[in-house]
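Structure first, commentary second.
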Amino acid sequence: MKLLVLDGNSLLNRAFFGIKLLSTKSGDFTNGIYGFLTMFRKIYDETEPDAVAIAFDMRAPTFRHKQYAGYKSNRKGMPEELAQQLPVLQQLLKDLGYRIVTCEGWEADDILGTLSAAAEREGSACVIATGDRDSLQLVSSATTVRLMSTKFGQPQVTVYDEAKIMEEYGVTPHQMIDLKALQGDSSDCIPGVAGIGPKGAGELVQKYGSLENIYNNLDDPEIKPAARRKLEASKDNAFMSYELGTIRRDAPIETDLSQYVPTSGDPQSAGSTMVRLELFSLIEKFGLTAAPAQETTVAAGRPEVIELPDGAPLLARLEDAGAACFYCHWDKSGELLSLIFAHKDILWRVTPDSAFLLAFFTNPLIKKHTHDIKPLHRLALSMGCKLESVSLDTALAAYLLNPSATGYDVLRLAAEYSVPLPDFEQEEYNCAAVMPGLCQALQKAIDGNNQRELLENIEIPLSFVLAQMEHIGFYVDSESIKEYGEKLQKEVESLHDSIIEQVGYDFNINSPKQLGEALFEKLGLPHGKKTKSGWSTNADVLESLRPMNPVVDEILRYRTVAKLKSTYCDGLLKVIGPDGRIHSSFNQTETRTGRISSTEPNMQNIPVRTPIGRELRKFFAAEHGVLVDADYSQIELRVLAHVANDPAMREDFLQGHDIHASTAARVFNMPQELITSQLRSRAKAVNFGIVYGIGAYSLSQDIGVSVKEADAYIKEYLRNYSGVDAYMKEVADSARETGYVEDMFGRRRYLPELKSSNFNMRSFGERVARNMPIQGAAADIIKIAMIRVSRRLEAEGLKARMILQVHDELIVECPQQEQEQVKALLTEEMEQAVNLSVPMVAEANAGKTWYDAKG
DNA sequence: GTATTCACG
DNA sequence: ACGTACGTGAATACG
């Protein structure tokens with residue numbers, strides 16, 4: 001018989017601080033349960049035990065980390081969250097069929113000791129898995145300790161048997177107690193002998209064998225006088241430490257090992273818990289199925305699958321039904337392999353041919369319910385037709401329900417919303433089979449959140465507009481980009497040579513580490529501020545170093561030019577399509593605020609702030625006619641004025657004042673005429689900060705005044721804009737109460753951070769609570785505008801097409817003769833998209849290139 | 001894979 | 001006592 005005993009508390013601690021979730025989406029916490037189960041699985045597979053016991057302390061776990069990193073510096077959570085995870089983990093382990101052992105008044109270590117002793121008595125082997133070294137004293141010929149650690153977020157194991165302990169400590173396992181009694185252990189509050197550390201303790205124990213024997217031989221001349229004095233002074237402490245450090249082996253717990261043989265547990269409950277925790281990768285490893293209990297029993301086996309080489313006969317049935325619920329099976333290259341309709345408990349697998357697709361797409365009598373509609377819109381566009389009557393997209397619905405999820409795969413959603421899963425071999429059949437249930441569950445949830453308007457009038461129509469923008473693309477002058485890139489390359493090389501010459505040796509300027517060495521060691525410049533794996537070399541730091549050495553200027557210039565060359569010139573050239581245009585992807589379910597994001601390439605971060613960067617925009621052009629670029633003016637501040645119903649701010653916007661100058665006049669208590677450009681720009685920074693949830697320190701950094709002064713600005717701001725002050729307090733309070741924030745359209749974001757005990761994380765939650773309703777509403781407003789613009793361009797029979805959105809900016813490409821009409825149309829639709837208590841203002845400009853069209 | 005830096009709103 | 005504004009994506013270095 002082989003017994004595996006886990007030290008639950010210490011492993012959970014290790015797991016929480018060490019094992020990282022696979023997801024990289026910012027804001028994810030390290031999940032202790034995930035880490036624990038990962039470690040557990042690894043140990044289990046390596047040891048193949050017959051019996052398993054998992055020991056926990058009765059009291060809440062304690063933590064040895066003195067400091068917990070905040071939200072920004074890394075994304076780990078903090079112990080309070082871990083304490084909340086503990087009961088969940090224990091129940092999960094029980095459901096998995098393992099026995100949890102706790103004992104009032106006894107520590108987990110004592111349980112390890114008692115069970116290993118029981119195993120030894122029975123002549124069984126025992127493996128102890130733990131994260132700390134206290135249990136090494138339990139090692140024997142029958143008992144080994146597997147010490148868990150983490151490296152790069154992955155679990156690592158070191159196996160300790162008698163030989164390994166001798167090799168590492170030079171003592172027997174039992175002598176580990178004597179060792180600890182001498183050297184102490186601050187984390188366990190074991191004093192030891194003051195002044196004796198690991199080295200001294202090791203020598204003494206090796207020579208005399210035990211603590212007792214050391215004190216019996218205190219007169220031995222080989223003991224140095226200093227050591228003797230220390231030993232004498234701490235004699236009581238030493239023997240007390242011995243008692244404290246000895247793990248007890250007589251805890252009143254079940255010692256019949258057969259009682260620890262795993263049972264079948266409650267796999268359905270375990271499965272549904274793991275789904276709830278989003279531990280999808282582990283479900284398989286533990287041999288569970290994703291679907292929760294009752295559904296698996298309800299699921300009446302697999303639906304029938306009917307292959308339809310020609311889908312035409314199905315169309316009439318779908319038209320009769322008035323709706324189609326289906327799943328699109330795409331291959332990796334983006335080819336549509338099949339459409340699988342879930343209709344009347346049958347899966348109809350249709351091989352798509354263009355006649356069928358055309359008839360299906362354009363039939364307005366068939367309402368489409370599917371998952372991820374945008375690629376299908378694009379397919380329709382590429383066929384020259386339009387996909388009509390989309391009424392539900394499960395990915396978009398799930399995004400509205402929780403924009404913070406890491407992904408929106410059909411099967412994951414099915415598990416989350418408790419839709420029964422048939423176990424087809426082919427994944428696409430499973431996906432199609434869950435669609436009707438998933439649609440129903442999501443519709444219900446959307447209605448429950450009052451998000452139907454948002455889904456049906458914003459997100460679903462928008463997906464078509466985004467597909468259109470992707471399909472049309474943005475023309476670029478690739479030859480000119482190439483030339484510009486070569487010019488930049490020359491400058492990069494000459495800057496490189498000059499920098500290397502001034503520093504005095506060759507190094508990689510792109511490496512922050514090597515650059516730090518060059519600046520702070522070789523050149524002896526003051527290593528500014530921030531660290532973490534070295535000194536920071538970011539632009540802020542370099543800026544402050546600029547007056548001290550001319551090479552810093554060239555490094556800054558090098559960074560700028562190298563960035564333009566690699567990210568923009570090289571990066572853009574790589575993604576130009578055969579039609580000479582760039583077809584970016586717009587992701588509609590990525591951001592937590594409701595904005596869209598752009599990838600491959602990111603068209604929303606093309607340089608504009610510096611003259612040299614802005615040059616690039618000369619290569620983004622209208623292929624034939626012109627570009628019309630329309631911008632919202634101060635959209636976020638206008639939204640704030642409206643939602644906070646702030647009289648002063650509303651007045652400023654209603655009167656058409658320059659908002660930053662007006663803010664300056666209020667905050668600095670001066671007449672408008674006396675506001676200098678410096679004061680205006682400070683007020684602008686304050687306005688910015690308010691939208692982000694401001695802190696005096698950051699504001700002071702931003703505008704270069706003292707923290708005290710910045711704090712005074714904020715106070716004065718809130719005094720003048722009392723509506724904003726009240727709103728900011730109210731929104732955070734309501735978020736704490738409900739656990740989420742909402743914008744004026746019902747777009748929602750959950751904020752678990754607000755419950756955190758970590759100041760930084762909680763503060764982050766509060767700032768997000770203040771910012772999201774503003775950023776989210778602004779995102780919704782421009783989404784509404786996009787839909788209206790797109791519809792009007794079509795209704796008015798214009799050739800003009802929207803090709804890009806950059807958060808508060810829309811770009812349309814059109815023939816020269818449509819220019820004025822399009823400018824008016826854009827301005828009008830953007831301004832009329834919503835009716836707030838302050839006017840919305842948009843301005844449009846036209847030009848041959850993006851550079852020219854941007855005012 | 002993670003960290004750093006920097007581009008945008 | 002602590003770190004320091006919201007939301008993104010891409011390139012690069014490095015273990």
Side-chain angles (χ1 to χ4, degrees), chain A residues 20 22-27 66-75 151-154 403 508-516 529-542 556 559-560 562-572 574-575 584-585 587 590-610 613-614 616-617 631-632 635-636 685-702 707 710 714 749 758-761 763-764 766-776 778-779 782 805-809:
Chain A
K20 290 180 184 133
L22 298 174
S23 148
T24 56
K25 189 158 178 171
S26 64
K66 290 202 182 74
Q67 221 172 286
Y68 310 103
Y71 178 82
K72 267 286 162 168
S73 43
N74 66 34
R75 285 155 183 166
K151 201 174 179 187
F152 305 123
Q154 291 299 311
N508 185 349
I509 307 171
N510 290 322
S511 162
K513 194 175 153 226
Q514 294 181 35
L515 179 61
K529 17 183 182 175
K530 322 162 191 179
T531 72
K532 175 160 183 179
S533 77
W535 306 108
S536 174
T537 63
N538 71 21
D540 275 355
V541 173
L542 296 188
L556 280 165
R559 281 245 174 101
T560 308
K563 174 97 178 173
L564 284 172
K565 169 76 166 84
S566 66
T567 303
Y568 296 102
C569 291
D570 299 348
L572 288 169
K574 264 188 268 179
V575 292
S584 175
S585 298
N587 194 331
E590 185 62 37
T591 71
R592 292 137 141 93
T593 53
R595 281 185 171 183
I596 59 174
S597 79
S598 158
T599 54
E600 267 182 303
N602 182 352
M603 289 292 291
Q604 294 179 320
N605 74 343
I606 304 300
V608 68
R609 290 174 188 167
T610 63
R614 196 177 305 146
L616 259 163
R617 296 190 170 213
D631 267 60
Y632 273 115
I635 185 167
E636 294 192 340
V686 176
N687 274 327
F688 243 92
I690 289 291
V691 170
Y692 294 153
I694 207 140
Y697 176 86
S698 320
L699 180 64
S700 73
Q701 288 292 297
D702 195 22
V707 178
I714 296 169
R749 175 171 176 178
N758 178 303
F759 175 81
N760 289 328
M761 198 170 295
S763 305
F764 170 73
E766 286 162 2
R767 291 193 297 271
V768 170
R770 293 194 285 260
N771 171 262
M772 185 271 165
I774 302 171
Q775 194 180 123
I782 197 166
Q805 182 249 51
V806 192
H807 310 309
D808 66 354
E809 172 186 7

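We name chains A, B, ... by the order of the sequence lines, and we start the count at 1 in each one.
Within the 3.5 Å criterion, the main-chain N or O of A:P607 finds a donor-acceptor partner in the side chain of A:R617. The main-chain N or O of A:M603 is found under 3.5 Å from a side-chain atom of A:S598 such that the two form a donor-acceptor pair.
Contact annotation: A:R559 side-chain N/O to B:dT5 OP1/OP2 distance is not under 4.0 Å. Between A:T567 and the phosphate of C:dG9, there is no side-chain N or O to OP1/OP2 separation shorter than 4.0 Å. For A:Q514 and C:dC14, the shortest distance from a side-chain N or O to OP1 or OP2 is below 4.0 Å. Between A:S598 and C:dG9 there is no side-chain polar atom (N or O) within less than 4.0 angstrom of OP1 or OP2. Put simply, A:R749 has a side-chain N or O that comes within less than 4.0 Å of OP1 or OP2 on C:dG7. In terms of phosphate contacts, A:S536 brings a side-chain nitrogen or oxygen within less than 4.0 Å of OP1 or OP2 of B:dT5. Between A:N510 and the phosphate of C:dA11, there is no side-chain N or O to OP1/OP2 separation shorter than 4.0 Å. Between A:S597 and C:dG9 there is a side-chain polar atom (N or O) within less than 4.0 angstrom of OP1 or OP2. Proximity of A:K513 to the phosphate of B:dA3: no side-chain N or O atom is located under 4.0 Å from OP1 or OP2.
A:E809 comes within 4.0 angstrom of no nucleic acid atom, judged by non-hydrogen atoms across all strands. Note on A:A779: nothing from the nucleic acid sits closer than 4.0 angstrom, heavy atoms only. Using a 4.0 Å heavy-atom criterion, one finds that A:I606 contacts the sugar-phosphate atoms exclusively. Contact annotation for A:R609: base contact, defined as any heavy-atom pair under 4.0 Å involving a base atom. Residue A:G689 is in base contact, counting any heavy-atom pair closer than 4.0 Å across all strands shown. Residue A:N771 is in sugar-phosphate contact alone, with no base atom involved, counting any heavy-atom pair closer than 4.0 Å across all strands shown. Residue contacts shown for A:D570 are absent, as no nucleic acid heavy atom lies under 4.0 Å away. A:S763 comes within 4.0 angstrom of no nucleic acid atom, judged by non-hydrogen atoms across all strands. Backbone-only contact: A:E600 has heavy atoms under 4.0 Å from sugar-phosphate atoms and none from a base.
The side chain of A:V608 approaches B:dG9 more closely than any other nucleotide in the set B:dT5, C:dG9, B:dG9. Of the candidates C:dG9, B:dC8, B:dG9, the closest approach to any side-chain atom of A:Y692 belongs to B:dG9. When each of C:dA10, B:dG9, C:dG3 is scored by its nearest atom to the side-chain atoms of A:H807, the top-ranked nucleotide is B:dG9. In the set C:dC6, C:dA13, B:dG9, the nucleotide with an atom closest to the side chain of A:S511 is C:dA13.
For A:N758 and C:dA1, the CG to P distance is 17 Å, given to the nearest whole Å. Straight-line distance from the CG atom of A:L572 to the P atom of B:dC8: 13 Å, rounded to whole Å. For the pair A:I635 CD1 and C:dC6 P, the interatomic distance rounds to 21 Å; values are reported in whole Å. Atom OH of A:Y697 is separated from atom P of C:dC6 by 14 Å (rounded to the nearest Å). As rounded to whole Å, 12 Å separates atom P of C:dC6 from atom CZ of A:R592. Between A:N687 atom CG and C:dA5 atom C1' the separation is 14 Å, expressed in whole Å. In this structure, A:L556 places its CG atom 12 Å from P of B:dT5, rounding to the nearest Å. Note: CZ (A:R767) to C1' (C:dC6) measures 9 Å, nearest angstrom.
Judged by distance alone, the side chains of A:T593 and A:Q775 do bring a donor and an acceptor atom under 3.5 Å apart.
Taken to the nearest 0.5 Å, the CG atom of A:D570 stands 11.0 Å off from the CG atom of A:L564. To the nearest 0.5 angstrom, A:N687 atom CG is 11.5 Å from A:E636 atom CD. Between the CD1 atom of A:I596 and the OG atom of A:S585 there is a distance of 11.5 Å, given to the nearest 0.5 Å. Atom CZ in A:R767 sits 11.0 Å away from atom CD1 in A:I694 (nearest 0.5 Å).
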Original post:
What's the verdict on side chain to side chain contact (heavy atoms under 4.5 Å, CB included) for A:Y568 and A:N605, showing C-alpha distance, side-chain angles and the deciding distance?
Top reply: CA-CA 10 Å; A:Y568 296 102; A:N605 74 343; 3.4 Å; yes
Original post:
Going through the distances and angles, do A:N587 and A:T599 end up as a side chain to side chain contact (heavy atoms under 4.5 Å, CB included)?
Top reply: CA-CA 8 Å; A:N587 194 331; A:T599 54; 5.7 Å; no
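One P atom belongs to B:dC6, the other to C:dC2, and the distance between them is 27 Å to the nearest Å. Between B:dA3 and C:dT4, the distance separating the two P atoms is 15 Å to the nearest Å. Atom name P, nucleotides B:dT5 and C:dA5: the rounded distance is 15 Å, in whole Å.
Judged by distance alone with a 3.5 Å cut-off, a donor-acceptor contact links the side chain of A:D702 to the base of C:dA5. Counting atom types as modelled, A:Q775 pairs a side-chain N or O with a base atom of C:dC6 as donor and acceptor under 3.5 Å. Scanning atom types as modelled, one donor and one acceptor separated by under 3.5 angstrom connect the side chain of A:R595 and the base of B:dG9.
Across all their heavy atoms, A:G695 and A:I714 have their closest contact at C-CD1, 4.0 Å.
Annotation: of the two residues near DNA chain C, A:T599 and A:V691, the 5′-most nearest-nucleotide partner is A:V691.
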Subject >> Paired and unpaired positions of DNA chain C as dot-bracket, Watson-Crick or G-U wobble under 3.5 Å, | denoting a partner strand >> reply: .....|||||||||.
